[in-house]
Amino acid sequence: MAAAEAAVVSSSSLETAPAPGTAERAETAATTAATTAATAAAVAVAAAARTGCEARVVKAALATKLLSLSGVFAVHKPKGPTSAELLNRLKEKLLAEAGMPSPEWTKRKKQTLKIGHGGTLDSAARGVLVVGIGRGTKMLTSMLSGSKRYIAIGELGKATDTLDSTGKVTEEKPYDKITQEDIEGILQKFTGTIMQVPPLYSALKKDGQRLSTLMKRGEVVEAKPARPVTVYSISLQKFQPPFFTLDVECGGGFYIRSLVSDIGKELSSCANVLELTRTKQGPFTLEEHALPEDKWTIEDVAQSLEHCSSLLPAELTLKKSKPEESDEQVLSCEYMTLNETKVEDDVSKTF
């Protein structure tokens, strides 16, 4: 019996004892696995480094291209934002694409990028907004003084403090006896060089501040004196009382809101602007040239600048110059500064 138990114990011991060399092989396998994992991690880190480096190179190229852009192009402004707000949105998109976030730029005073618009559109209006970039900002004054075309929908019977639908109604008068012939008959009075009083809610300034800003504060503001403006053409497109649609081509400094208000008065009623669309400014049209927001990229802007340069008079075109910034300078672009927007009447310049 003791011999049998001894045999069982002996057999069990033989079954559980490790075979010669097993521990060494397990240790070798563990070491190999660890080495493989470390190698894979190193490869991944190297790949990530290469990817990061390539991304920096791409951003540097985009930054170089952005800083070299010069000229004038057009964007499509929707209803809602002011012209200045839309310009800031465009600027931020371009800077973000080039890896040049604007908050970092505000830490220095070096001027590197200029962008601005030439001709304010009311926040309630939509249409063509001409933008200058680089040396193109010097051309904005000529854009401001050039011709513009609008489609305006006026509403008879109501006057507002802003002369459009965003303001408070200040007066109501009957309009039921006004006919299409009545409107067409008075339009000739608003053609050619006429005298026009600008709206109180406007970009014009008093003591360095916009009249619209002073009005919103509740301050008493006197109307600016009437000034000569030019209307090249005006026609009635549609009349469905109380609404009437005008197609107007005018020169610089002209206010469609004042025109519609004056038409209402001439008809022994009153009127305000319900909808306003700028369809053309200078050679730029809404349909052909105004970039929608989904095309606010460096490449699309570059292509638009090239295309639009052929539309401008020879004396306004900009000669191409060699890029002044090297890759190294662009890589340190976060230390450059984009100053605050300066607004002068209808010309907005961002440096």
Side-chain angles (χ1 to χ4, degrees), residues 72 74-77 79 82-83 117-131 139-156 162-165 183-204 211-212 223-239 243-267 271-290 311-313 316 344-348:
V72 175
V75 298
H76 183 176
K77 178 197 170 302
K79 291 177 61 175
T82 65
S83 297
H117 70 75
T120 299
L121 263 178
D122 297 335
S123 58
R126 59 182 290 270
V128 177
L129 185 68
V130 173
V131 175
M139 304 162 61
L140 294 177
T141 301
S142 64
M143 290 294 104
L144 176 63
S145 60
S147 66
K148 306 171 184 67
R149 193 165 186 172
Y150 298 89
I151 295 294
I153 300 177
E155 180 185 16
L156 291 168
T162 60
L163 307 188
D164 65 14
S165 60
I183 298 177
E184 291 175 334
I186 68 167
L187 292 185
Q188 187 63 34
K189 295 183 179 181
F190 298 96
T191 305
T193 300
I194 63 174
M195 299 300 292
Q196 185 185 72
V197 177
L200 289 176
Y201 282 87
S202 70
L204 299 180
L211 296 183
S212 57
K224 291 283 186 177
R227 58 184 185 176
V229 292
T230 302
V231 178
Y232 299 110
S233 66
I234 180 172
S235 61
L236 179 65
Q237 300 295 301
K238 185 178 180 181
F239 181 52
F243 309 115
F244 61 100
T245 303
L246 300 174
D247 185 346
V248 184
E249 186 174 3
C250 57
F254 188 86
Y255 283 90
I256 298 293
R257 285 178 291 141
S258 291
L259 169 68
V260 170
S261 176
D262 290 342
I263 287 176
K265 294 175 183 177
E266 189 69 25
L267 293 168
N272 72 93
V273 173
L274 189 66
E275 297 280 347
L276 181 63
T277 302
R278 182 191 283 164
T279 58
K280 186 178 182 181
Q281 182 173 4
F284 308 115
T285 65
L286 181 60
E287 295 78 10
E288 297 180 46
H289 309 112
L311 305 174
L312 300 172
L316 290 180
E344 300 175 1
D345 292 342
D346 286 343
V347 181
S348 174

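Treat the numbers as computed from the prediction; the structure is a model and nothing was measured.
A salt bridge (Lys or Arg N to Asp or Glu O under 4.0 Å) check over residues 280-289, counting only residues at least two apart or in different chains, returns nothing. Residue pairs meeting the salt bridge (Lys or Arg N to Asp or Glu O under 4.0 Å) criterion with at least one member in residues 144-153, sequence neighbours excluded: Arg149-Asp247.
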Any chance you could lay out the side chain to side chain contact (heavy atoms under 4.5 Å, CB included) test for Phe284 and Val72, step after step, and finish with the verdict?
CA-CA 10 Å; Phe284 308 115; Val72 175; 3.8 Å; yes
What do the steps show when you test Asp122 against Val273 for side chain to side chain contact (heavy atoms under 4.5 Å, CB included), and what is the final call?
CA-CA 11 Å; Asp122 297 335; Val273 173; over 6 Å; no
Taking it one step at a time, do Thr193 and Val229 satisfy side chain to side chain contact (heavy atoms under 4.5 Å, CB included)?
CA-CA 6 Å; Thr193 300; Val229 292; over 6 Å; no
Under the side chain to side chain contact (heavy atoms under 4.5 Å, CB included) rule, what do Asn272 and Ser165 come out as? Steps first, then yes or no, please.
CA-CA 7 Å; Asn272 72 93; Ser165 60; 4.1 Å; yes
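What you find for Phe239 and Leu236 is that their closest heavy atoms are CB-CD2, 4.2 Å. Shown here for Leu246 and Gln237, the closest heavy-atom pair between the two residues is C-CG, 4.4 Å. The two residues Ala125 and Lys77 make their nearest non-hydrogen contact at O-NZ, 2.7 Å. Ala152 and Leu276 get closest at one heavy-atom pair: CB-CD1, 3.8 Å. Minimum heavy-atom separation, Ser261 to Leu163: OG-CD2, 4.0 Å. Nearest heavy-atom pair across Gln196 and Gly253 is OE1-O, 4.1 Å.
When the ring-ring contact (aromatic ring centres under 6.0 Å, His included) test is applied to His76, no partner is found at least two apart in sequence or on another chain. Under the salt bridge (charged side-chain N to carboxylate O under 4.0 Å, His left out) criterion, Lys189 pairs with Glu266, not counting sequence neighbours. Residues meeting the salt bridge (charged side-chain N to carboxylate O under 4.0 Å, His left out) test with Glu184, sequence neighbours left out: none. Taking Glu275 as the reference, Lys79 meet the salt bridge (charged side-chain N to carboxylate O under 4.0 Å, His left out) condition, with sequence neighbours excluded. With sequence neighbours excluded, no residue satisfies salt bridge (charged side-chain N to carboxylate O under 4.0 Å, His left out) with Lys238. Taking Thr279 as the reference, nothing meets the side-chain hydrogen bond (donor to acceptor under 3.5 Å, both in side chains) condition, with sequence neighbours excluded. With sequence neighbours left out, Thr245 forms a side-chain hydrogen bond (donor to acceptor under 3.5 Å, both in side chains) with no residue at all.
In this structure, Tyr255 and Asp262 have side chains that are not in contact, with every pair of non-hydrogen atoms separated by 4.5 Å or more. Two residues are said to be in side-chain contact when any heavy atoms from C-beta on lie closer than 4.5 Å; Ile153 and Thr277 fail this criterion. Within the 4.5 Å cutoff, the side chain of Leu312 has heavy atoms near those of the Pro283 side chain. Side-chain contact check for Val260 versus Phe244: some heavy-atom pair is nearer than 4.5 Å. Contact check for Ile256 versus Val248: side-chain heavy atoms found under the 4.5 Å cut-off.
Formation of a donor-acceptor pair under 3.5 Å by the Thr191 side chain with backbone atoms of Leu187 is found in this model.
Once rounded to the nearest 0.5 Å, the distance linking CG of Leu311 with OG1 of Thr285 reads 8.5 Å. Remark: Thr82 OG1 to Leu121 CG distance equals 10.5 Å, nearest 0.5 Å. The distance from atom CD1 of Ile183 to atom CD1 of Ile263, rounded to the nearest 0.5 Å, is 7.5 Å. A distance of 8.5 Å separates CZ of Phe190 from CZ of Phe254, quoted to the nearest 0.5 Å.
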